[in-house]
Visitor: 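My structure is below; once you've seen it, I'll send some questions.
Remember, it's a predicted structure, so these values are computed and weren't measured experimentally.
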Amino acid sequence: MLIKSDYESPLGNLLLLSDGTALIGVWFSEQKYYGAGYHLEEAVTGQDLMIDEAKRWLDEYFMGHIPTMGQLVLAPKVTDFRKKYVRY
C-alpha cells in the first residue's frame, strides 16, 4: 500500500510518498514529473514511520541544520543510469 502526505516547505508544497518500508518519492506541486508514474490517486493519505522521518529530516534541513541521510530509508524507482551514478 502506498501512503502519501503533504509537507509545506519554505519553497512550496511537497508530496511525500512511502511504500511502508522506504520513502519512494518526494515532489513539488506542479513539478514536471510529479508522481513519477505512481498512481497517486490509489495512495492513502496518512502518516507512517518513513513519512514521519522524512518530515523530521526536512524540518531540520529548513531550520538550517545539516541532517544526515542515514536517518532516511530511500528507495526511489529510477533508471539504470541513475542507479549507476547516483547514490541513495
Side-chain angles (χ1 to χ4, degrees):
M1 170 174 48
L2 298 180
I3 302 163
K4 62 184 176 183
S5 182
D6 289 321
Y7 178 85
E8 190 59 45
S9 84
L11 302 175
N13 190 57
L14 293 168
L15 177 71
L16 309 175
L17 187 65
S18 166
D19 66 2
T21 61
L23 189 66
I24 58 174
V26 178
W27 302 275
F28 282 101
S29 298
E30 310 299 321
Q31 181 177 327
K32 183 176 182 179
Y33 297 106
Y34 185 80
Y38 289 101
H39 297 285
L40 297 178
E41 67 280 354
E42 296 174 9
V44 175
T45 300
Q47 298 287 124
D48 70 359
L49 181 59
M50 301 300 111
I51 289 175
D52 290 343
E53 288 294 323
K55 286 183 175 184
R56 276 193 284 279
W57 191 96
L58 289 164
D59 287 343
E60 289 291 314
Y61 178 81
F62 287 118
M63 285 190 291
H65 302 146
I66 304 172
T68 63
M69 291 302 294
Q71 296 171 254
L72 300 174
V73 179
L74 306 175
K77 293 182 182 174
V78 296
T79 64
D80 289 338
F81 175 83
R82 287 188 70 188
K83 286 178 187 175
K84 186 173 179 181
Y85 293 103
V86 179
R87 296 183 65 196
Y88 294 101

Visitor: Could you pull out the closest heavy-atom pair between Gln31 and Val26, with the gap in Å?
Guide: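 Closest heavy-atom pair between Gln31 and Val26: OE1-O, 4.4 Å.
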Visitor: Do Lys4 and Val44 have side chains that get closer than 4.5 Å, going by heavy atoms?
Guide: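 A side-chain contact is absent here, since even the closest heavy-atom pair is not under 4.5 Å.
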Visitor: Which residues pass the side-chain hydrogen bond (donor to acceptor under 3.5 Å, both in side chains) test with Ser9, not counting sequence neighbours?
Guide: none
Visitor: My understanding is that only residues two or more places apart in sequence, or in another chain, count here; which of them pass side-chain hydrogen bond (donor to acceptor under 3.5 Å, both in side chains) with Gln47?
Guide: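 side-chain hydrogen bond (donor to acceptor under 3.5 Å, both in side chains) check on Gln47 returns Ser5, Asp52, Lys55.
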Visitor: Check the hydrophobic clustering (I, L, V, M, F, W, Y; side-chain heavy atoms under 4.5 Å; chains of links allowed) and say if Leu58 and Ile3 are grouped together.
Guide: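 Yes, Leu58 and Ile3 fall within the same hydrophobic cluster.
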Visitor: Could you note down all residue pairs passing ring-ring contact (aromatic ring centres under 6.0 Å, His included) where residues 6-25 supplies at least one of them, sequence neighbours left out?
Guide: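 Qualifying pairs, neighbours excluded: none.
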Visitor: Considering only Ile, Leu, Val, Met, Phe, Trp and Tyr, and joining two whenever side-chain heavy atoms are under 4.5 Å apart, list the other residues clustered with Leu2.
Guide: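 Taking Ile, Leu, Val, Met, Phe, Trp and Tyr as members, Leu2 shares its hydrophobic cluster with Leu15, Leu17, Ile24, Trp27, Tyr34, Tyr38, Leu40.
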Visitor: Do Tyr33 and Leu16 land in one hydrophobic cluster if side-chain heavy atoms of ILVMFWY residues count as linked below 4.5 Å?
Guide: no
Visitor: Provide the closest heavy-atom pair for Ile51 versus Gly46 in the form atom of the first, atom of the second, distance.
Guide: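 The answer is CD1-O, 4.0 Å.
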Visitor: Is it the case that more than 12 heavy atoms not belonging to Met63 sit under 6.0 Å from its CE atom?
Guide: yes
Visitor: So, using side-chain hydrogen bond (donor to acceptor under 3.5 Å, both in side chains) as the criterion, who are the partners of His65 when residues are at least two apart?
Guide: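 Per chain and number, His65 pairs via side-chain hydrogen bond (donor to acceptor under 3.5 Å, both in side chains) with Glu60.
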Visitor: Which residues satisfy the side chain to side chain contact (heavy atoms under 4.5 Å, CB included) test with Ile66, sequence neighbours excluded?
Guide: none
Visitor: Side chain to side chain contact (heavy atoms under 4.5 Å, CB included) for Leu74 and Met69? Distances and angles first, verdict last.
Guide: CA-CA 9 Å; Leu74 306 175; Met69 291 302 294; 3.4 Å; yes
Visitor: Apply side-chain hydrogen bond (donor to acceptor under 3.5 Å, both in side chains) to Ser29 and list each qualifying residue two or more places apart in sequence or on a separate chain.
Guide: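 Counting only residues at least two positions away or on another chain, Ser29 forms a side-chain hydrogen bond (donor to acceptor under 3.5 Å, both in side chains) with Asn13.
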Visitor: Under the side chain to side chain contact (heavy atoms under 4.5 Å, CB included) rule, collect the residues that match up with Tyr61, sequence neighbours excluded.
Guide: Trp57, Pro67
Visitor: Partners of Glu53 by salt bridge (charged side-chain N to carboxylate O under 4.0 Å, His left out), sequence neighbours excluded?
Guide: Arg56
Visitor: Under the salt bridge (charged side-chain N to carboxylate O under 4.0 Å, His left out) definition, can you give me all pairs with a residue in residues 32-51, not counting sequence neighbours?
Guide: none
Visitor: For residues Phe28 and Gly12, report the shortest heavy-atom separation together with the two atoms involved.
Guide: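 So the two residues come closest at CE2-O, 4.2 Å.
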